Amino acid sequence: MQASSGQTNSALDRTIGEIVAADYRTAKVFETHGIDFCCGGRVTLATVCREKGINPDTLLREIEAIKSEQIDRSQNYTAWELPFLVDYIVNTHHAYLKENDEQIAIYARKIAEVHGAHHPEVVEIATIFEKIATDMAIHLREEEEVFFPALKRAAAERKANHAPSQEDRAVIEESLAKLGREHEAIGDAIHTIRHLSKEYAIPKDTCNTFMITYQKLKEFEDDLHKHVHLENNILFPKASRL
Ligand SMILES: [Fe+2]
Ligand SMILES: [Fe+2]
């Protein structure tokens, strides 16, 4: 599909991640169209329109429309200083995972045992989720114990007009690559769950636990999208600039 003007063309060359990082309200537009703005956020608007058969002009108009709505300054994450952003990620998204991972894994295993015979997809979902929970626990620990402290030290050095230590720079560089790869793997796994569950559609012949599990899985995915978006598209570029 062709864009109608030069200005539109340059807007179409921006990546989804960049657009959402610049204005979080646009996430709502991408969610409506089923466009991944976190783990798959590195593709351009033009590419995503081509792949999904969306008219670029329509999408750009929707993005512009949402930008004219009142801005919530408490969500202007890009403007936050790095240590504050790190604390926010830990206190909201890491806290959410620590509170919910285990419970969701228990629910998923329970519905696999009760409904697995008629709904074999839930057996696979339970297995995938258990791996996500295990990998996520290691991932969070690495961020909280290694990456984030190095980032905070480096940010403090920069603020005092000093260069960050060689050691911290090496940790940051190594972590950026490794954690980015882990985000992609975890994102792919939760997307497989969404696909297997047919977008978390609850079958008629099931129970309340089934319903709660799917609701919690959907909530988990939404939280993960925002969490990975904040890290991949806002925190990591700030870290690279240190
Ligand atoms: Fe994180
Ligand atoms: Fe992460």
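We use all heavy atoms of the structure for the numbers below, so side chains are in, but hydrogens, waters and symmetry mates are not. The structure displayed is predicted, hence computed values, not measured ones. Atoms within a ligand are numbered from 1 in the order they appear, just like the ligands themselves. All residue numbers refer to positions in the sequence shown, counting from 1.
Using a cut-off of 4.0 Å between Lys/Arg side-chain N and Asp/Glu carboxylate O, Glu219 and Lys216 are scored as salt-bridged.
Summary: NE2 is the N/O/S atom of His183 found nearest to the Fe ion (ligand 2).
Near-neighbour remark for the Fe ion (ligand 1): protein N, O or S atoms under 2.8 Å are His94 NE2, Glu143 OE1, His227 NE2, Glu231 OE2; waters not counted.
With no hydrogens or angles considered, no side-chain donor-acceptor pair links Glu31 and His225 at under 3.5 Å.
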Item to check | Criterion side chain to side chain donor-acceptor pair (under 3.5 Å) on His93 and Glu231, from CA distance to verdict | outcome: CA-CA 11 Å; His93 299 295; Glu231 291 180 354; over 6 Å; no
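When ring centroids are compared, Phe210 and Tyr107 stay outside the 6.0 Å threshold.
In this structure, the side chains of Lys226 and Tyr77 come closer than 4.5 Å at one or more pairs of heavy atoms. Two residues are said to be in side-chain contact when any heavy atoms from C-beta on lie closer than 4.5 Å; His183 and His227 fail this criterion.
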